[in-house]
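Notes follow once the structure below has been shown.
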Amino acid sequence: MTAWRLLFVMPALAVLAGSADAQSGPNDFRRPPLPAVDTAAAPVMALGKVLFFDRRLSKTGSVACASCHLPSLGGADRVARPFNDGGTLMARRTLPTVNLTEMPRLLGDGRFSSLETLIPAAFQRSLVSGRAPFDCWVGGDDTAIGAGAKQGFALFTGRAGCSACRGGWTFSDGGFHDTGLPDTGDLGRGKQVPNSVKMRNAFRTPGLRDVALQPPYRHDGSLPTLTAVVDFYASGDEARPSRADEIKPLTLSPEEHSALVAFLPSLTGRQDAEFTVPVPP
Amino acid sequence: MSLGSGVGLRIGRVAVPVVAEDLVVVQKDRGCLPTTLTGHVGERVRFSNEDEATHNVCSESPQATFDLGTRKPGQQGGVTLHERGTIDVQCEIHPKMPLRIDVK
């Protein structure tokens, strides 16, 4: 091998060898420190916060962003499907409006690629999940989460294979997957990318931070509890060409089932500062 | 990255065993390696899925609009560069693995 080729090979070996060793350990999921506050952007963010709570932005003046994206619930709500400002039941479950800077594409079908398409972007960019007991455990406090949650995390990153789509500190790859839920006619990402078999019935992977605050689950709100979610994945459900290859048959003992369910509430965060609700003028 | 017989380089130009002078992009660990690539009109880019997940390769850039479909681990696909400019390549399944190709 000539010398100039070695210049390319050695860094590649280092990077890829490092990648091969980088299996999903707790530190891969630890919430990073929040970036320093940009004081120059503070006025825009403050205006965005007020707009987020102002119902006058809706056509009928009946709903605000915060009507469905409650900061106290990690930016989501607790209904299967909300009503829009016209009183019509919406097609899909509310997605959390936190950690959106980690999502290359927005909404369940990914039809928006920039936060700037949503109002108010500057404020939404600042919404980040709080530090959770899981983060404290990763940081060295062995008492922060219980044995069941620890076992659940081991399953999550191990045999259960959840981290295949739920990696990183948001517990989401930001990708689009058909998990095999019954077909309700909602093509999800498939409506935006009709020629892709894998995008049919595929929806964006939402993050799992604060997930325990946000029942029911799935894009149609069809699974009422986290237990039902784990049941769904363990069942293997509907195999079809569009189903994600990561979805595989999974047999769980009752103890393992409970452990996975116990792990998820450990991701409920607590904000460093109390959130103050603005009063629109 | 595997170093099978005759395979030395998986970044940039590869001589053996793929077609000589192919530019090779490896999809691994939910990312592309390299993340930016410079090529020339007429050159061919080969995408090699060395990940544990199925990936897609597509672009909607004016210089090159293509969709190679999904590739399971171990599969490859390629595209020839026809026009100068910048091509943004992505995986439809995993949007967090962008690749930029500058075509000279």
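The chains referred to below are lettered A, B, ... by the order of the sequence lines, with proteins before strands, and numbering in each begins at 1.
With a threshold of 4.5 angstrom between heavy atoms, A:Ala202 does not approach chain B through any atom at all.
Within a 6.0 Å radius of CZ in B:Arg84, no more than 12 heavy atoms belonging to other residues, nucleotides or ligands are found.
Residues of residues 60-75 of chain B lying under 4.5 angstrom from chain A, judged on non-hydrogen atoms, are B:Thr70, B:Lys72 in numerical order. Interface residues of residues 93-104 of chain B toward chain A, defined by a heavy-atom distance below 4.5 Å and sorted by number: B:Ile93, B:His94, B:Pro95, B:Lys96. Contact annotation for residues 184-193 of chain A against chain B (heavy-atom separation below 4.5 Å, listed by residue number): A:Arg189, A:Val193.
Among the candidates A:Glu102, A:Arg105, A:Met103, the residue making the largest number of heavy-atom pairs closer than 4.5 Å to chain B is A:Glu102.
Considering only residues two or more places apart in sequence or on other chains, A:Leu107 meets the side-chain contact (heavy atoms from CB on, under 4.5 Å) condition with A:Asp109, A:Arg111, A:Phe112.
To the nearest 0.5 Å, the span separating NZ on A:Lys198 from NE2 on B:His55 amounts to 12.5 Å. Note that SG of B:Cys91 is 9.5 Å distant from CG of A:Asp173, once rounded to the nearest 0.5 Å.
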